[in-house]
Asks: 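Below: one structure in structure tokens.
The chain is numbered in sequence order, starting from 1. Numbering of ligands and ligand atoms starts at 1, following listing order.
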Amino acid sequence: MATLKERLTLVEQRIAIACEHAHRDANSVVLLPVSKTFDASVMREAVGLGLHRFGENRLQEIAQKAPDLSDCDVQWVMIGSVQTNKAKEVAKYATELQSLDRIELARALDKRLQDNGRTLDVLVQVKTSPEESKSGLAPELLEGFLRQVAELPTLRVKGLMTMALLSDDSHAVRECFVKLRTWRDRMQALTIEGISLDRLSMGMSSDFEIAIEEGSTEIRVGSALFGSR
Ligand SMILES: *Cc1c(COP(=O)(O)O)cnc(C)c1O
């Protein structure tokens, strides 16, 4: 069994090689460790290795682990779907939400954030895969959605996020990433005030090299770092 430190080194090497292939600076891709299902002691070890932002997909799990890590510098990044009635928990725990996909949630969050006197960085999750199980906003609805979110004072849109098709067909996976980048470019050309779309969160353990080739600025890596779930 490799240690967390060894797996982190391997992931960093994979990122460096992918960046080299894509003629990109290795510093242009941020690693977001996804710690879901791994307990606080594992996260504590990761903090010791210099990791501080962690992706989680369930608010309940964040609430469970947060007290055990209150003495650590940990930032919670919510990457899973959020029910509208859980806006309060997002405002309480998350430094960032990468799975914003509907206006009801955006409005509920804005209300809570105003109550708490804070802002929240968000990425809009876009559905780029035909799979029924994948969530996210239909890309055709992006423009209208961005214009509505731009009116909400506490939400800071920083970019887009997607989950690619789960498939061995690398062409089909790549198509998802190309779709996200293409829609980002289209939306960026509209220059909507208050909306920044510099960040593209795409790529996971099994497909991040392809995502990096297609312009990902942030990869969300769980199993390759922490082991299988
Ligand atoms: C679990 C998860 C990941 C990480 O998946 P791995 O295949 O373990 O790297 C990335 N993004 C989201 C939204 C997830 O839920």
Asks: With a 3.5 Å cut-off and no angle check, do the side chains of Asp39 and Ser41 form a donor-acceptor pair?
Replies: yes
Asks: Using a 4.0 Å cut-off to any heavy atom of Gly222, which atoms of ligand 1 qualify?
Replies: 4 (C), 6 (P), 8 (O), 9 (O)
Asks: Is there a polar contact, in the sense of an N or O pair closer than 3.5 Å, between Arg229 and ligand 1?
Replies: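 By distance alone, the answer is yes.
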Asks: Can you confirm whether the side chains of Thr128 and Thr162 place a donor and an acceptor under 3.5 Å from each other?
Replies: yes
Asks: Using a strict cut-off of less than 4.0 Å between a Lys/Arg side-chain nitrogen and an Asp/Glu carboxylate oxygen, indicate whether Glu45 and Lys5 qualify as a salt bridge.
Replies: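 Salt bridge absent between Glu45 and Lys5.
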Asks: Considering the heavy atoms of Ile79, write down every atom of ligand 1 situated less than 4.0 Å from one of them.
Replies: 11 (N), 12 (C), 13 (C), 14 (C)
Asks: Tell me whether Arg14 contacts the main-chain N or O of Ser205 through its side chain, where contact means a donor paired with an acceptor under 3.5 Å.
Replies: yes
Asks: Quick one: look up the protein heavy atom nearest atom 15 (O) of ligand 1 and list residue, atom name and how far away it is.
Replies: Lys36 NZ, 2.8 Å
Asks: Please identify which atoms of ligand 1 are closer than 4.0 Å to at least one heavy atom of Val221.
Replies: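 Here the atoms of ligand 1 in question are 9 (O).
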Asks: For Glu131 and Leu166, indicate whether the former's side chain and the latter's backbone hold a donor-acceptor pair under 3.5 Å.
Replies: yes
Asks: Closer than 4.0 Å to some heavy atom of Arg220 - which atoms of ligand 1 meet that?
Replies: 4 (C), 9 (O), 10 (C), 11 (N), 12 (C), 13 (C)
Asks: Heavy-atom distances under 4.0 Å decide this one: backbone, side chain, both or neither, for Gln98 against ligand 1?
Replies: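 Contact part for Gln98 vs ligand 1: neither.
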Asks: Just by modelled atom types, is the Lys36 backbone N or O under 3.5 Å from a matching donor or acceptor in the Arg58 side chain?
Replies: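 Here the side-chain-to-backbone pair does not exist.
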Asks: What protein heavy atom lies closest to atom 9 (O) of ligand 1? Include the residue and the distance to one decimal.
Replies: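 The protein heavy atom lying closest is Ser205 OG, 2.5 Å.
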Asks: Do we see a donor-acceptor contact under 3.5 Å between the side chains of Glu89 and Gln60?
Replies: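 Distance-only check fails for Glu89 and Gln60.
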Asks: Does Met204, backbone or side chain, put an N or O under 3.5 Å from an N or O of ligand 1?
Replies: no
